[in-house]
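Notes follow once the structure below has been shown.
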Amino acid sequence: MRAPVCAALLVWVLSDAAARQFSEEEMAAVRQRIKSMFYHAYNSYLDNAFPYDELRPLTCDGQDTWGSFSLTLIDALDTLLVLGNHTEFQRVASLLQDTVDFDIDVNASVFETNIRVVGGLLSAHLLAKRAGMELEPGWPCSGPLLRMAEDAARKLLPAFETPTGMPYGTVNLLRGVSPTETPVTCTAGVGTFILEFATLSRLTGDPTFENVARRALRALWKTRSDIGLVGNHIDIVSKKWVAQDAGIGAGVDSYFEYLVKGAVMLQDEELLSMFQAYDRAIQNYTRFDDWYLWVQMHKGTVSMPIFQSLEAFWPGLQSLLGNLDSAVRTFQNYYSVWRQFGGLPEFYSIPQGYTVDKREGYPLRPELIESAMYLFRATGDHTYLQLGLDALESIEKIAKTPCGYASVKDLRDHQLDNRMESFFLAETIKYLYLLFDPAHFLHGGGTEGDGSWEEGGESGECVLGAGGFIFNTEAHPLDPAALYCCGRHDQDHQELQDILLTLSQPGSQSKPPPKQTEGQPGSQSESIALKPGEKKTPPLLSCPVQPFSARLSILGQVFTDNT
């Protein structure tokens with residue numbers, strides 16, 4: 001199945017890259033180059049495009065793309081901290097509070113708004129103490145960035161009020177869902193909410209977000225075929241599959257990612273068992289010679305023998321699940337395509353060993369660099385550092401312009417497109433930097449010195465920042481420890497403590513636990529993240545969708561206890 005040109009390239013990659021060992025000094029020098037890349041893109045956005053969503057690097061101006069949120073600034077915020085720029089992080093965090101408004105008459109992608117805006121704000125909120133920001137009492141259970149994340153997420157809730165619980169794909173942030181909205185959405189658009197929404201519920205004490213995300217996941221799980229596969233697009237009202245191609249790439253990718261990450265972050269066996277069942281079907285029906293093809297979801301017959309650039313997250317996911325041998329082989333297949341073109345085309349025909357017509361572009365996606373980072377962490381093999389350096393030099397050579405970095409319209413002749421997507425700053429540069437900084441605090445390293453461990457929570461007894469961050473699919477790191485600092489978890493402990501104290505007093509009788517509000521078991525009636533005196537008002541629920549290509553990220557590792 002593999003084309004001869006790819007086989008030849010693979011041998012070259014292995015022989016060419018394996019010999020090089022990077023010293024600490026060389027890795028530090030590469031990190032400086034990556035920082036320069038970031039600031040060239042970031043400053044170009046500030047100078048030419050802010051407050052628009054994205055920079056147009058060929059015309060040196062800006063455009064709104066996903067909702068008019070100053071999206072690049074939100075997406076780049078935690079990258080500033082990753083690179084060690086606390087001062088700019090503080091400035092931008094304050095600027096966003098003053099300038100971003102979600103009460104706007106704009107149709108927004110539910111999926112993209114969640115992973116980029118809600119995820120970016122949650123990550124920045126959880127990293128605020130490390131950045132030296134002044135914190136509200138009880139952080140991380142309170143704070144302005146958390147309130148912004150909750151506000152944005154509430155604007156998405158109308159999409160989830162459907163007969164199945166699976167969300168529409170688009171929602172008007174001011175008016176709700178259009179009555180003419182299509183009920184067809186992609187699989188990833190249904191199953192990529194549990195990380196952000198569970199984090200939000202645990203921090204605010206409001207279970208609504210986690211509940212709707214879980215309901216959507218369970219509804220999607222029930223639609224799988226008899227051979228255990230899911231398709232690409234589904235009618236979320238009728239539960240009928242509109243596009244029945246099954247694979248691990250565009251439209252599906254981050255659904256699988258979030259089952260694994262959600263299982264780790266929430267210590268949830270249900271989510272892990274779902275993924276394991278899917279993985280068995282994926283290995284049985286879609287894997288051919290360490291490539292993953294697209295097959296008909298009911299029959300398992302090959303429908304598209306192509307590789308998509310979004311699939312390059314899979315080796316990293318495999319490595320985190322312990323499937324290292326398979327991960328390495330698949331990664332090398334994908335990297336052979338990079339070496340052939342200087343980037344990953346959106347679609348690549350495996351039998352022909354070449355790009356697919358009208359899918360020759362490379363929008364500076366992060367997935368292959370992501371997998372390199374995780375495989376380097378898993379193996380210590382400096383081959384992956386060489387691959388990272390090659391990626392850095394390729395992007396610099398092909399995509400750099402006087403005003404940032406441009407998407408590559410056609411990898412065959414390196415024509416450029418007038419767009420720099422926000423994920424270039426949120427994901428591509430971040431993963432590239434973390435690949436060359438294995439001692440970074442996000443890996444659990446101690447290079448940050450004092451303050452690597454942080455106290456927080458309503459009682460001030462919560463330990464955060466001890467390592468084990470989990471990246472959402474937009475590479476926004478979330479700290480699982482924060483989930484046990486606030487809200488329902490904290491209230492459950494308080495109720496148990498009260499009961500034990502009552503029972504320990506002579507002659508006293510135990511009191512029944514407080515009666516819970518229907519539909520909100522063990523939760524507070526008001527969100528901790530609401531402003532003082534502000535009451536929660538249920539949003540008008542309805543539902544929407546637009547076709548979008550889901551991107552992915554890879555699971556982080558987390559310290560767990562034995563309970």
Side-chain angles (χ1 to χ4, degrees), residues 38-39 41-55 62-106 108-109 112-136 139-156 173-174 196 199-200 203-204 404 420-427 429-430 471-472 474-479 482 527-531 534:
F38 172 83
Y39 286 114
Y42 178 76
N43 290 333
S44 294
Y45 167 78
L46 290 180
D47 293 342
N48 300 285
F50 177 79
Y52 291 102
D53 277 344
E54 291 180 0
L55 169 70
Q63 64 179 347
D64 283 333
T65 52
W66 295 109
S68 190
F69 308 124
S70 299
L71 185 59
T72 294
L73 211 53
I74 295 176
D75 246 354
L77 183 52
D78 56 22
T79 307
L80 287 166
L81 184 67
V82 169
L83 300 182
N85 193 337
H86 296 187
T87 303
E88 182 67 1
F89 179 98
Q90 294 175 28
R91 187 189 75 83
V92 171
S94 299
L95 177 64
L96 290 172
Q97 295 169 45
D98 295 335
T99 59
V100 175
D101 181 10
F102 298 115
D103 289 319
I104 51 177
D105 187 5
V106 168
S109 164
E112 298 287 355
T113 303
N114 175 58
I115 66 170
R116 302 194 197 208
V117 178
V118 178
L121 292 170
L122 283 173
S123 177
H125 166 71
L126 293 174
L127 294 171
K129 186 170 185 178
R130 188 178 294 273
M133 291 189 66
E134 184 177 347
L135 304 174
E136 292 182 5
W139 174 90
C141 312
S142 178
L145 294 175
L146 178 60
R147 287 190 285 272
M148 288 182 68
E150 183 182 14
D151 188 17
R154 288 199 184 282
K155 297 293 185 180
L156 306 181
L173 300 181
L174 192 62
E196 298 85 1
T199 298
L200 198 53
L203 294 179
T204 64
M420 187 181 81
E421 287 221 42
S422 67
F423 62 70
F424 178 64
L425 295 179
E427 298 186 77
I429 290 179
K430 184 183 296 161
F471 293 98
N472 86 335
E474 189 77 1
H476 295 305
L478 302 172
D479 187 350
S527 164
I528 296 169
L530 292 178
K531 297 168 183 167
E534 181 183 354

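Only a predicted model underlies this, so the values are computations on that prediction, with no experimental measurement involved.
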Q) Distance-only, no hydrogens or angles: does the N48 side chain make a donor-acceptor pair with backbone N or O of S44 under 3.5 Å? A) yes
**Q.** Heavy-atom pair of closest approach, residues R116 and S422
**A.** NH1-OG, 2.7 Å
Q: Measure the shortest side-chain to side-chain distance between K129 and P140 over non-hydrogen atoms and say whether it is less than 4.5 angstrom.
A: no
Q. Can you find a pair of side-chain heavy atoms, one from L203 and one from L126, that are under 4.5 Å apart?
A. yes
Q.
Regarding E150 and R147, does a basic nitrogen lie under 4.0 Å from an acidic carboxylate oxygen?
A. no
Q.
Quick one: does any side-chain atom of D105 pair with a main-chain N or O of L174 as donor and acceptor, under 3.5 Å?
A. no
Q. Of the non-hydrogen atoms in I104 and G67, which two are nearest, and what is the gap between them?
A. CD1-O, 3.3 Å
(Q) If we ignore hydrogens and angles and just use 3.5 Å, is the side chain of H476 paired with the main-chain N or O of L121 as donor and acceptor? (A) no
Q | D53 to T72 - nearest heavy-atom pair and separation | A | O-OG1, 2.6 Å
Q.
Using side-chain heavy atoms (C-beta onward) and a distance below 4.5 Å, is L173 in contact with D103?
A. no
Q. Between S123 and G119, is there a donor-acceptor pair closer than 3.5 Å when you use the side chain of the first and the backbone of the second?
A. no
Q. Any side-chain heavy atom of F50 within less than 4.5 Å of one from L95?
A. yes
Q.
Are there over 12 heavy-atom neighbours, none belonging to Y52, within less than 6.0 Å of that residue's OH?
A. no
